[in-house]
Amino acid sequence: MNYTVVLPAAGSGKRMKADKNKLLLELFGKPIFLYTLEVFQRDPNCDAIWLAVKEHERELIEDYVTRYNITKVQGYAAGGMERQDSVRACLEAIPPCGVVLVHDAARPFIDREVIERLVKTAQASGAAIAGVPVKDTIKKVENGIISETVDRNQLWMIQTPQAFRYSLILKAAQAAHNDGFMGTDEAMLVERLNYPVAIVESTYENIKMTTPDDLIYGKAILESRLQEEQK
Ligand code: C5P
């Protein structure tokens, strides 16, 4: 089941405490976003890759794409102020297709099998997002005091990829823009149209490289995968 992937890559390095786009930070000599690109380059079901990038980083990113032979990149869109703007710019730039996957370029450890289940589910039902059940006890805190312990049985931590029929996510992204609505993920934009969104269980390794400690986890994940390959 084929799909097009949209990768927002136009963020900064603020929470990573880096003085540049965190995606350009290297893990074992290779920038983070290239690990993400390679997942989709290798997936035979991925037809095309589109990236949202900052204008001043475009040349640098294009150079990497060429150097690492990422031949599926079909185009770039100008990244916006917020992630949601970057994703919308990409969605408006891509040619119409069946299923679109939106995936943070900052999540390099996504599993191919999870992608496959997401695409299948989105093709059948319109919208499917990756997530994992919450492991810790979750409490609501007000003014430093616990106000509620939330039943975690129904709680999931949401990740990307988020997969949608192309027409649905384009409509949802444009509606949010016209209404001045800012969500924290693409699913929220679809949910507000009262469209059901399915969850697909992902892996705890699919972390978003966000803060400096994630670089430590990222290296550990890469090392353990390398050891697995060598077995
Ligand atoms: O900042 P955060 O880690 O939540 O960003 C998630 C993804 O969205 C990253 O891959 C980042 O490069 C991208 N992004 C973007 N445009 C923005 C902000 C973030 O493409 N304005």
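Atoms within each ligand, like the ligands themselves, are counted from 1 in listed order.
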Q: Looking only at protein heavy atoms, which one is nearest to atom 7 (C) of ligand 1, and what is the separation?
A: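 Ranked first by proximity to atom 7 (C) of ligand 1 is D104 OD1, 3.4 Å.
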
Q: Using a strict 4.0 Å cut-off to heavy atoms of M81, name the atoms of ligand 1 that fall inside it.
A: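 Listed by number with element, the hits are 21 (N).
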
Q: Taking the six-membered ring of F40, is NZ or CZ of K72 closer than 6.0 Å to its centre and within 45° of its axis?
A: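 No, K72 does not sit over the ring of F40.
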
Q: Based purely on interatomic distance, does A52 place a nitrogen or oxygen under 3.5 Å from a nitrogen or oxygen of ligand 1?
A: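 A52 vs ligand 1: no N/O contact under 3.5 Å.
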
Q: Under 4.0 Å, heavy-atom basis, I'd like to know which part of S86 is in contact with ligand 1: side chain, backbone, both or neither.
A: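 Side chain only.
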
Q: May I ask you to test the M16-T210 pair for a side-chain heavy-atom distance under 4.5 Å?
A: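 The answer is no; the side chains never approach within 4.5 Å.
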
Q: Looking only at protein heavy atoms, which one is nearest to atom 13 (C) of ligand 1, and what is the separation?
A: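 For atom 13 (C) of ligand 1, the nearest protein heavy atom comes out as P8 O, 3.5 Å.
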
Q: Report the residue from I110, T160, N206 that forms a side-chain contact (heavy atoms from CB on, under 4.5 Å) with D104.
A: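 When I110, T160, N206 are each tested with D104, the side-chain contact (heavy atoms from CB on, under 4.5 Å) holds only for T160.
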
Q: If we only count N/O pairs under 3.5 Å, is N21 in contact with ligand 1?
A: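 The answer is no, given that N21 and ligand 1 share no N or O pair closer than 3.5 Å.
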
Q: For ligand 1, note which part of L23 has a heavy atom under 4.0 Å away: side chain, backbone, both or neither.
A: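 For L23, only side-chain atoms sit under 4.0 Å from ligand 1.
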
Q: Is it the case that K30 places NZ or CZ above or below the six-membered ring of Y68, under 6.0 angstrom from the centre and within 45 degrees of the axis?
A: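 Pair K30/Y68 does not count as cation-pi.
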
Q: Tell me which protein heavy atom sits closest to atom 21 (N) of ligand 1, plus the residue, atom name and distance to 0.1 Å.
A: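 The answer is G80 O, 2.9 Å.
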
Q: Just by distance, do the side chain of Q162 and the backbone of Q159 share a donor-acceptor pair under 3.5 Å?
A: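 Side chain of Q162 to backbone of Q159, a donor-acceptor pair under 3.5 Å: yes, one is there.
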
Q: Counting heavy atoms not belonging to E59, are there more than 12 under 6.0 Å from its CD?
A: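 For E59, atom CD is not crowded (no more than 12 foreign heavy atoms under 6.0 Å).
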
Q: Write out the residue and atom name of the closest protein heavy atom to atom 14 (N) of ligand 1, then the distance separating them to 0.1 Å.
A: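 Protein heavy atom with the smallest distance to atom 14 (N) of ligand 1: G11 N, 3.5 Å.
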
Q: What atoms of ligand 1 come within less than 4.0 Å of a heavy atom belonging to R15?
A: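 Near R15, meaning under 4.0 Å from one of its heavy atoms, ligand 1 has 1 (O), 2 (P), 3 (O), 4 (O).
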
Q: E57 vs N21, test: side chain to side chain donor-acceptor pair (under 3.5 Å). Steps then yes/no.
A: CA-CA 9 Å; E57 287 174 349; N21 185 342; 2.9 Å; yes

Q: Heavy-atom distances under 4.0 Å are what count here, so tell me which part of K22 touches ligand 1: side chain, backbone, both or neither.
A: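 The answer is the side chain of K22.
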
Q: So, 4.0 Å and heavy atoms of A9: is ligand 1 close enough to count as a contact?
A: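 Contact check A9 vs ligand 1: positive.
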
Q: Give me the nearest non-hydrogen protein atom to atom 20 (O) of ligand 1 as residue plus atom name, then the distance to 0.1 Å.
A: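 The protein heavy atom lying closest is A10 N, 2.8 Å.
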
Q: Determine yes or no for a side-chain-to-main-chain donor-acceptor pair under 3.5 angstrom, with D179 supplying the side chain and F181 the backbone.
A: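 Such a contact is absent between D179 side chain and F181 backbone.
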
Q: Check whether D43 reaches the backbone of V39 with its side chain - one donor and one acceptor, N or O, closer than 3.5 Å.
A: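 Such a contact is absent between D43 side chain and V39 backbone.
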
Q: So, K22 side chain and M209 main chain: donor-acceptor pair closer than 3.5 Å or not?
A: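 Yes; judged by distance alone, with no hydrogens or angles, the pair exists.
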
Q: Around atom 4 (O) of ligand 1, find the nearest protein heavy atom and jot down its residue, atom name and distance.
A: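 Sorting protein heavy atoms by distance from atom 4 (O) of ligand 1 puts K208 NZ, 3.0 Å first.
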
Q: Has ligand 1 got any nitrogen or oxygen that is less than 3.5 angstrom from a nitrogen or oxygen of M209?
A: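 Such a contact does not occur with ligand 1.
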
